[in-house]
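Here the structure is laid out as structure tokens; the discussion comes afterwards.
Every number for a ligand or one of its atoms is a count from 1 in the order of the listing.
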Amino acid sequence: MQTPAAKKIVILGTGGTIAGTSAQPGDNTSYRAAQLGVSALLDTVPGLQTAVAGHAIEVEQLAQIDSKDMSQAVWLRLAQRVAYWAADPAVRGVVITHGTDTLEETAYFLHAVLAPVKPVVLACAMRPATALTPDGPQNLLDALATVMHPDARGVLAVCAGRVHGALQVRKLHPYRLDAFGSGEAGPLAVVEEGRLRLLQSWPPPASPCHTLMAALDSQSPWPRVEIVMSHAGADGAIVRALQNCAEGTSALRGLVVAGTGNGTLHEDLEAALLDAQRSGLRVWRSTRCAEGQVLPTPADRIPDSAGLSPVKARIALMLELLGAG
Ligand code: SIN
């Protein structure tokens, strides 16, 4: 996978708890995310040079945000910089420091837009850099170990010693250090003392869509796709409100519904969604279950999200609408 010329690893900083600080060293909850620059963050990581085995490290601070505030502008810049660095033959791979809250969305977005052959590894932390025992430095070392693996490719996420694929990764816990899972698929690998032990073969490289980057750059805002949820008492009023709330370029173009169980919908919500679909809105069905995926049936009147969680399906539908112009 790697050429001998690839002697550089690029680390892109975007903020998150990994770059967070608190006035109280023992405080793991009321800190401020995105305070330390990525260079300062790297200064706190012992053994960094050993981990990269003679590779040069190039650092860029792309953003400094709490990832709950992730925006179109940051995603566009991130995709552009990852594409730029991944195309450089001297670059072995890219690490992105990122908050945990929308990490799975960024991972899926980069996977869907770039389908990189080189490893692009998102690293994060559940504790701020000022914690008594921060987890960020170890997660960063593990991300670098992942980039260094000879077969590593595609968009990956590393947290608490486990390597997850972009399609499966999902935040499962608001506080635990091992906050991420890959559902039924399980993680791709574990990182043990700087070495990856593969639990399954690397996923095959995805096919890049060469026109998407240009579309992302030229269309602003990107097509609006919102997420609604089916629940007891869901009467569809939210769907009608969303259809009426915005016009012009910010008009609603698509909806993803997080259904109950196998993507089932409250009958009143379903009626509103079918009306919306008839009026030209794209509607996809996912499930609000944390694991598994919707199994399609011949009687389905609203297409399912092909296994994507609601937040990833929102991105996929948005990209589809964007690609369609
Ligand atoms: C964030 O997502 O930026 C804050 C929370 C975290 O990184 O754990």
Side-chain angles (χ1 to χ4, degrees), residues 11-45 59-79 81-82 94-111 120-144 146 155-166 168-183 187 191 227 290 309-312 314-315:
I11 304 184
L12 306 177
T14 70
T17 290
I18 192 167
T21 59
S22 164
Q24 307 295 329
D27 186 351
N28 291 331
T29 50
S30 47
Y31 58 87
R32 282 174 68 95
Q35 300 301 304
L36 285 181
V38 63
S39 299
L41 205 57
L42 294 180
D43 289 343
T44 69
V45 183
V59 171
E60 270 184 22
Q61 188 76 48
L62 273 195
Q64 189 62 300
I65 60 167
D66 186 318
S67 80
K68 71 180 174 53
D69 301 323
M70 184 51 71
S71 64
Q72 173 177 325
V74 175
W75 267 358
L76 178 61
R77 176 128 180 88
L78 191 55
R81 294 312 288 162
V82 171
V94 178
V95 170
I96 302 167
T97 58
H98 198 289
T100 61
D101 284 342
T102 57
L103 179 143
E104 70 211 62
E105 295 176 58
T106 298
Y108 178 75
F109 172 74
L110 293 174
H111 163 84
V120 174
V121 184
L122 287 109
C124 59
M126 291 296 288
R127 289 182 183 158
T130 49
L132 290 175
T133 52
D135 53 331
Q138 185 65 57
N139 286 344
L140 258 171
L141 284 175
D142 290 350
L144 290 167
T146 305
V155 181
L156 305 162
V158 171
C159 184
R162 301 201 295 168
V163 183
H164 303 275
Q168 292 81 21
V169 67
R170 188 162 181 165
K171 188 171 180 182
L172 298 176
H173 202 280
Y175 182 73
R176 217 169 56 195
L177 295 188
D178 190 4
F180 288 87
S182 285
V191 192
I227 300 172
S309 66
V311 292
K312 292 180 185 178
R314 187 193 78 82
I315 297 165

### Message
Run the salt bridge (charged side-chain N to carboxylate O under 4.0 Å, His left out) test against Asp101 and tell me which residues pass, sequence neighbours left out.
### Response
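Result, salt bridge (charged side-chain N to carboxylate O under 4.0 Å, His left out) vs Asp101: Lys171.
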Do [X] and [Y] touch side chain to side chain, with heavy atoms closer than 4.5 Å?
X	Y	value
Glu60	Arg81	yes
Thr106	Trp75	yes
Thr100	Phe180	yes
Arg127	Leu177	yes
Val191	Val163	yes

List, for ligand 1, each N/O atom that has a protein N/O partner under 3.5 Å away, with both atom names and the distance.
{"from": "ligand 1", "atom 1": "2 (O)", "to": "Ser67", "atom 2": "OG", "distance (Å)": "2.6"}
{"from": "ligand 1", "atom 1": "2 (O)", "to": "Thr100", "atom 2": "N", "distance (Å)": "3.2"}
{"from": "ligand 1", "atom 1": "2 (O)", "to": "Asp101", "atom 2": "N", "distance (Å)": "3.0"}
{"from": "ligand 1", "atom 1": "3 (O)", "to": "Asp66", "atom 2": "OD1", "distance (Å)": "3.2"}
{"from": "ligand 1", "atom 1": "3 (O)", "to": "Ser67", "atom 2": "N", "distance (Å)": "2.6"}
{"from": "ligand 1", "atom 1": "7 (O)", "to": "Thr17", "atom 2": "N", "distance (Å)": "3.0"}
{"from": "ligand 1", "atom 1": "7 (O)", "to": "Thr17", "atom 2": "OG1", "distance (Å)": "3.0"}
{"from": "ligand 1", "atom 1": "7 (O)", "to": "Thr100", "atom 2": "N", "distance (Å)": "2.8"}
{"from": "ligand 1", "atom 1": "8 (O)", "to": "Thr17", "atom 2": "OG1", "distance (Å)": "3.1"}
{"from": "ligand 1", "atom 1": "8 (O)", "to": "Thr100", "atom 2": "OG1", "distance (Å)": "2.5"}
{"from": "ligand 1", "atom 1": "8 (O)", "to": "Ala125", "atom 2": "O", "distance (Å)": "3.4"}

